[in-house]
Amino acid sequence: MRKKYISVIASILLFASCSDYLDVNSPSTFDKNYVFGSESEIATAVNGMYVPMVSGKGWVGVLLKKMLFNTDVEFSGLSTASNLNERAYVPSTGDIKSYGDIWTGMYDGVNRTNDVIEGIEQSPLFAAADKTKPSRLMHYYGEAKVLRAMYYLELVRNWGDVPYRRTSAGNKDELFIGATDRNTILTDMINDLIEVEPLMLYAEESDRGVEAASREFCQALIARIALQRGGWSLRPDYDNPAAVGAMERSDDWKEYYKIAEEYAGKVISEGKHSLARSFRQVWVDECNWIVPVADDNIFDVPAKVGGSGELAYSWGTYIVSSKNSEGVNASNAPHGYSSGGARLALTYMLSFDKADLRRDITCEMFRYENSGMSSIIQKPFSELNVGCGKWNRLFMESPLGSTSNKGTGINYTYMRYADVLLMYAEAANENHDGPTAGAKDALKQVRKRAFAQEDHAEKVEAYVDALGTKEDFFNAIVQERAWEFGGEKHRRYDLARWNLYGKTLYNLYFDWIELGKVARTKQYENTTTPFEDPTYNARFDSYPAVAYYKMVPADKTLFPVCVAETMDWYKEGDVNSYDEALPAYPSKNPTGYSRVDMCVQYCTQVKNASPRQWEPSARILHSFYGYINASNAGSVNPETDPVRYLVPIPPDALSSHQGLLKNYYGY
C-alpha cells in the first residue's frame with residue numbers, strides 16, 4: 001500500500017488556526033460547547049490530532065532530530081568540553097530551545113486529543129452508539145485516546161512528572177497547573193486504552209492502514225506504556241533540586257509486566273502481523289513510501305514529501321553535498337544529499353554476529369561523496385562511530401532531485417511487530433521467572449529474519465534454546481533489542497527502564513580505554529617501535545585494530561548508476577579486516593590498499609610529545625561528560641549514581657506556569 005493518509009492530514013481545514021493551537025499556554029481553540037453532528041466532522045477532527053506529530057515539532061521533525069543522548073547503540077561523539085550538549089547529558093542553549101518546541105508540540109497534541117474526546121462524548125452520535133462492539137464512531141473515540149497516550153508517553157519519558165490534563169481547557173488559567181506524578185499519568189493512559197481497545201478496528205479494516213492508530217497498535221502501545229510504568233525511572237530529590245536524583249521503581253511494577261505480556265500477546269495471537277519481508281526490504285519499502293498493512297509495520301508516523309521530515313537527512317546514509325554550477329548545495333546523485341549527523345557506535349557494529357543480516361543495513365562504515373560531475377563514491381568513516389543505513393536515499397526508485405535534502409516523506413516507524421515480539425518475550429520471562437515456550441518462540445521469530453535459513457539451526461534454534469535462566473534470557477533480550485532497533489532511538493529509554501544506563505556508560509568508558517590499548521598493541525606488534533603500554537585482553541581479541549580497503553567499480557546490480565566506486569575490504573582467508581582482527585597486522589599497508597583506523601582510535605598519540613605518549617581518545621573523555629569523564633571516573637558508582645537522561649522543562653513553560661513547575665535533576 002502506498003502512502004496516502006498524509007495528504008488528507010495536510011489538506012484538512014482545522015477548527016482553528018494551527019499557529020494558535022501550537023501555543024500550549026493559550027486557551028483551547030476548540031469550542032468545548034461544539035457538538036459533532038456527523039461522522040465526517042469527527043473524522044476531520046481526528047485527522048487534526050495527527051498534525052503535531054507530523055509537524056516540525058513531532059516524530060518526523062525536531063523530536064526525531066533531538067534527544068540524541070549517547071548510548072552503546074546511538075553514539076555521536078564529542079571531542080572537547082566546549083561543545084557539550086545533550087549527547088553528553090549537559091544540554092546546550094540550542095538543545096533547550098528544541099526541548100521547548102517538542103514540549104509545545106506534544107501539548108498541542110494533548111490539547112487536540114482532549115478536545116476531540118470531549119467533543120465525541122458530547123455528541124448525540126456517541127450517546128446513541130453501541131459501546132460494546134467496534135464501529136467507525138467508537139474507533140474514532142479510541143483513536144483519540146491512543147494518540148493522547150502517545151503524546152503523554154513522550155512527555156513522561158523525556159521530562160518525568162509533567163502537567164496533566166484530561167479535559168479541554170476552558171480558559172487560560174486552567175492550563176497553568178503543576179506537575180502530576182508520572183505513574184498516575186501512565187496508569188490512566190493504560191486504563192484508557194484497555195477500555196477502548198475492544199472497540200477499535202484493525203488496520204486491515206481501515207483505508208488509512210498502519211499510518212493511523214488501529215486496534216493492534218492500541219494493544220502494542222498498552223504493552224509499551226506498561227513496561228515504562230513497570231520499569232525504573234529517575235526521580236527527583238525534592239529537598240535538593242541541585243541533585244541528579246535517584247532511580248526508583250514502584251512497588252506494584254509486576255502488575256504492569258503482566259499487562260504488557262497480555263497485550264503484546266494479543267497482537268501475536270490475533271495474527272494480523274508478521275515478519276514476512278526481509279529486514280532489508282522493510283527499509284527499502286520505507287524509503288519508497290510503501291507501507292504494507294500485514295507485515296512488520298504496526299504504526300508509522302506519516303510524513304509528507306517536502307514537509308519537515310528528517311529521515312534520510314539527519315538520520316540515515318550520509319551523502320555529502322557540494323556546490324553545483326548554480327552555487328546550490330547538491331549531490332551528483334539524483335537522490336539528493338543528507339547530513340548523516342546521527343551516528344552509531346563503532347563497537348555496536350562490531351557486536352553483531354557476522355552472519356546477522358541486520359548489521360550491514362543498520363551500520364555503514366562509509367559515506368558518499370561527489371566524484372567528477374556525475375557520480376558519487378564511497379569514503380570510509382573513521383570517528384569511533386558509523387552511519388545508520390536504514391534510511392537510505394539511494395533506495396529510492398523515484399529520486400527527489402539532486403538538491404533535495406530534508407522533507408523526504410519517509411515515515412517514522414513508531415511501532416513494529418518485532419518490538420511487540422521482544423516486549424512479549426521480556427515480560428513473559430519476568431512474569432514466569434524464566435523464559436516460557438512462547439517467550440522463546442517470540443525471540444526466535446525475530447532472529448529467524450535476522451539470519452539466513454542455513455544459519456537457523458545454530459543462530460536461532462540452538463542459540464535461544466540454550467537460554468535456560470531468567471537472567472540469561474533477559475540479557476539476550478537486552479542485546480536483541482540493540483541489534484534490531486539500532487538508530488530507531490529506543491535504546492535510551494530501554495536502558496533507563498531497565499536501570500542499566502549508568503552501568504552501560506561506565507563500562508563503555510573503561511572498556512573503550514582498554515580496547516584502545518589492546519588495538520595499539522596489535523597495530524605495532526610487528527613494527528620496530530612497539531606500543532609503549534602493551535595490553536592484552538581476551539575479550540577484545542577479535543576487535544579489528546585497523547582495516548584496509550581499495551576502491552572498485554560499483555556493482556550495478558546492487559547500486560544506482562550514479563554510484564561509480566565502492567569500498568572493497570582486504571581479507572585474509574575468511575577474516576574481513578573491517579569486522580575482525582587479523583592474525584597479525586603488517587608493518588605497512590597491503591599492496592593496493594589504504595588504511596582506515598578502527599579500534600586504534602580509542603587510544604590516540606599525544607601531539608608534540610617526545611618520547612611518544614598515548615592517551616584515551618578525546619571522544620571517550622567528553623562524550624559522556626555529564627556522567628563520567630577523566631575528572632570523576634574514579635568516584636562514579638554505576639550502582640548508585642544515575643544518568644541524568646531526563647531533560648529540563650523549557651524556560652517558557654516554567655515562567656508561564658507561574659511558579660507551579662520547577663526543574664530538578666540539577667538543572
Side-chain angles (χ1 to χ4, degrees), residues 54 56 58-68 73-77 87 98 280 282-289 300-301 303-324 326-345 349 360-371 374-383 385-413 486-489 554 558-567:
V54 305
W59 278 272
V60 297
V62 70
L63 180 53
L64 179 72
K65 188 175 181 180
K66 300 302 292 185
M67 307 296 186
L68 295 179
V73 175
E74 286 89 13
F75 177 80
S76 297
R87 297 173 185 171
S98 294
R280 183 182 192 276
V282 169
W283 302 106
V284 170
D285 284 349
E286 283 292 313
C287 294
N288 283 285
W289 313 285
D300 268 23
V301 175
K304 177 187 176 183
V305 174
S308 58
E310 293 283 346
L311 288 166
Y313 180 71
S314 61
W315 282 93
T317 298
Y318 184 16
I319 304 176
V320 182
S321 67
S322 59
K323 299 293 184 183
N324 62 15
E326 285 78 37
V328 177
N329 285 334
S331 167
N332 286 342
H335 308 76
Y337 65 91
S338 57
S339 72
R343 307 283 174 81
L344 306 174
M349 183 193 78
D360 291 347
I361 290 294
T362 304
C363 304
E364 293 181 335
M365 270 290 296
F366 53 81
R367 63 185 185 276
Y368 289 92
E369 294 183 356
N370 285 344
S371 176
S374 60
S375 63
I376 59 176
I377 60 174
Q378 289 181 352
K379 289 290 184 179
F381 268 119
S382 184
E383 298 175 352
N385 51 33
V386 298
C388 182
K390 288 180 174 177
W391 303 280
N392 186 342
R393 307 175 80 94
L394 300 180
F395 287 159
M396 294 178 177
E397 295 178 9
S398 300
L400 299 176
S402 62
T403 60
S404 62
N405 45 78
K406 297 182 181 182
T408 60
I410 297 174
N411 290 350
Y412 175 66
T413 51
E488 297 176 57
K489 297 187 66 173
L558 300 176
F559 293 91
V561 172
C562 59
V563 180
E565 294 182 331
T566 57
M567 298 167 63

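Just so it is clear, the structure is predicted and the values come from calculations on it, not from any experiment.
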Where the side chain of [X] meets the backbone of [Y], is there a donor-acceptor pair that is under 3.5 Å apart?
| X | Y | answer |
| --- | --- | --- |
| Thr408 | Leu311 | yes |
| Lys489 | Leu64 | yes |
| Ser338 | Ile319 | yes |
| Asn392 | Leu394 | yes |
| Gln378 | Met567 | yes |

Which atoms form the tightest heavy-atom contact between [X] and [Y], and what is the distance?
| X | Y | value |
| --- | --- | --- |
| Trp391 | Trp315 | CB-O, 3.7 Å |
| Leu344 | Cys388 | CD1-CB, 3.9 Å |
| Ala345 | Val386 | O-CG2, 4.2 Å |

Pairwise distance [atom1]([X]) to [atom2]([Y]) - rounded to 0.5 angstrom:
| X | Y | atom1 | atom2 | answer |
| --- | --- | --- | --- | --- |
| Ser398 | Asn288 | OG | CG | 7.0 Å |
| Thr317 | Ile361 | OG1 | CD1 | 8.5 Å |
| Asn332 | Ser321 | CG | OG | 10.5 Å |
| Ser76 | Arg87 | OG | CZ | 4.5 Å |
| Lys406 | Ser314 | NZ | OG | 7.5 Å |
| Glu364 | Phe381 | CD | CZ | 8.0 Å |

salt_bridge(Lys390, Glu488) N-O dist < 4.0 Å: yes

Carboxylate-amine/guanidinium proximity below 4.0 Å for Arg343 and Glu74: no

Distance-only side-chain donor-acceptor flag, Asn370 / Ser322, under 3.5 Å: yes

Side-chain donor-acceptor contact under 3.5 Å, Arg393 with Ser404: yes

Worked check of side chain to side chain donor-acceptor pair (under 3.5 Å) between Asn405 and Tyr337: CA-CA 5 Å; Asn405 45 78; Tyr337 65 91; 3.1 Å; yes

